[in-house]
Amino acid sequence: MSDSSETFSSLRRALGLLRLLAGGDPAGIRLKDLADMAGSSQPTVHRALRDLIAEGFVEQVAGGKRYRMALDFFVLAARAGQAGGLRELARPVLLRLSATLSDTIFLLVRNGYDAVCLDRIEGPFPIRSFTGDIGGKVPLGLGQGSLAILAHLPEAEREAVIRFNVPRLLDRGFLDEAGLRMALEKAREQGWVNLNTGLIRGMAGVGVPVFDAEGRAVAALSVGTLAERLGEERLPGVLAILKAEAASLGAGLNPFDIALRYPSRSLSVVADQIGAEIAAPPPGRSQP
């Protein structure tokens, strides 16, 4: 075998091991099991693991015989995610939705027990919303996009959020726990949330979850509009467009995107960009 062929074979073997480790037990996988899964001998797999450990992509669990992904791998993936983050991917989606529907469109992400408005495109009709402008946040469960995210969280996470947020929702004059649970059950059954209940007088909205490649609800797209613009005749068309865009957006998400893990960091980047645009001189005019 030539040197180039041998190098290529070793690279493919290492990448294969990374895939196995990424999809395996977070506590790590034993060398013997890795070799069986990879269809290679233990010495061959061990050599590849040594190279991956040297590069910081794999680590051997302290005091054990298991191997797992190391911190450097996740750091590298997170840096890659910054180049095509959620807000950058979603911006064309929000623009299309606003132009197509002539309504205000919101992009929401989860941040602990809250939902944060990561971006919004203003429509031609003046509206009021729970989150307000970019960076605004509400307790998960308040508003259509927030409800859509909460409804599709894993049960254990959903229950923890409900216990924490019910008092916060009551303080805002919203649903009691029974009402919240009914709304969440309905949202899970139909896959979307429609609010036209007078919580904000004259306003209505519809929200759908955005799922990542592993089926986790990590964000939501929602429409905020005047109540008369979201009646029974128009709602199905709006919903079909919104769901199609959410599916397209979800398919392109990077699971290591900082906007999904740390929305506040992403928002600080947005603030810096806006500040730079304000400070920049008009085209054709130099600064004194």
Side-chain angles (χ1 to χ4, degrees), residues 1-90 109-112 149 152-161 188 191 209-219 246-266 269:
M1 180 182 294
S2 66
D3 289 345
S4 60
S5 297
E6 185 174 351
T7 299
F8 183 69
S9 179
S10 299
L11 175 61
R12 292 188 63 180
R13 186 180 301 113
L15 292 173
L17 290 175
L18 286 176
R19 290 192 180 95
L20 292 173
L21 289 169
D25 188 340
I29 303 176
R30 296 183 305 169
L31 174 61
K32 178 183 182 303
D33 296 332
L34 263 178
D36 291 342
M37 295 163 67
S40 298
S41 67
Q42 291 188 44
T44 298
V45 170
H46 189 252
R47 284 194 298 271
L49 287 172
R50 283 206 313 264
D51 290 339
L52 290 169
I53 290 172
E55 293 298 327
F57 292 161
V58 171
E59 65 181 4
Q60 188 170 6
V61 180
K65 298 181 179 180
R66 294 175 177 267
Y67 297 84
R68 65 186 178 191
M69 309 295 286
L71 179 62
D72 280 3
F73 175 85
F74 296 104
V75 171
L76 182 65
R79 288 174 178 170
Q82 293 178 25
L86 173 58
R87 190 172 186 271
E88 182 180 339
L89 288 171
V109 294
R110 180 190 177 188
N111 185 27
I149 295 174
H152 292 88
L153 292 180
E155 183 178 1
E157 291 184 42
R158 186 170 65 246
E159 288 299 317
V161 172
R188 286 193 299 276
V210 176
F211 297 100
D212 65 12
E214 297 182 0
R216 296 173 300 187
V218 295
S248 174
L249 177 59
L253 290 181
N254 183 328
F256 300 105
D257 186 352
I258 59 169
L260 301 179
R261 293 168 174 257
Y262 310 104
S264 58
R265 295 187 192 177
S266 182
V269 174

**Q** Got a second to check how far Leu18's CG is from Met69's CE, nearest 0.5 Å?
**A** 5.0 Å

**Q** Write down the atom of Ala38, the atom of Leu17, and the distance for their closest heavy-atom approach.
**A** CB-CD2, 4.1 Å

**Q** Can you tell me how far apart CZ (Arg68) and CD (Glu59) are? Round to the nearest 0.5 Å.
**A** 4.5 Å

**Q** Out of curiosity, Leu52 CG to Gln60 CD, how far, rounded to the nearest 0.5 Å?
**A** 13.0 Å

**Q** Is any side-chain heavy atom of Val109 closer than 4.5 Å to one of Val210?
**A** no

**Q** So, Lys32 and Asp36, do they make that salt bridge, N to O below 4.0 Å?
**A** yes

**Q** Output a table of donor-acceptor pairs, distance under 3.5 Å, between side-chain atoms of residues 153-161 and any protein atom two or more places apart or on a different chain; print 'none' if there are none.
**A**
unit_1	atom_1	unit_2	atom_2	d
Glu157	OE1	Arg110	NH1	2.6
Arg158	NH1	Leu153	O	2.8
Glu159	OE1	Arg181	NH1	3.4
Glu159	OE1	Arg181	NH2	2.8
Glu159	OE2	Arg181	NH1	2.9

**Q** Checking Leu31 now: which residues fulfil side-chain contact (heavy atoms from CB on, under 4.5 Å) with it, not counting sequence neighbours?
**A** Gln42, Val45, His46, Leu49, Tyr67

**Q** Closest heavy-atom contact between Leu86 and Ala219?
**A** CD2-CB, 4.3 Å

**Q** Minimum heavy-atom separation for Gly56 and Ala70, please, with both atom names.
**A** O-CB, 3.2 Å

**Q** Minimum heavy-atom separation for Ala27 to Arg66, with atom names?
**A** O-CD, 3.8 Å

**Q** Taking all atoms of both residues into account, what is the closest heavy-atom pair of Pro209 and Gly191, and its distance?
**A** CD-O, 3.4 Å

**Q** I'd like to check the salt bridge (charged side-chain N to carboxylate O under 4.0 Å, His left out) partners of Asp33; sequence neighbours left out, ordered by chain and number.
**A** Arg30

**Q** Tell me, with the steps shown, if Val58 and Asp51 meet side chain to side chain contact (heavy atoms under 4.5 Å, CB included).
**A** CA-CA 9 Å; Val58 171; Asp51 290 339; over 6 Å; no

**Q** Please round to the nearest 0.5 Å and tell me the distance separating atom CG of Leu253 and atom CG of Asp212.
**A** 6.5 Å

**Q** Take atom CZ in Arg19; do more than 12 heavy atoms of anything else shown fall under 6.0 Å from it?
**A** no

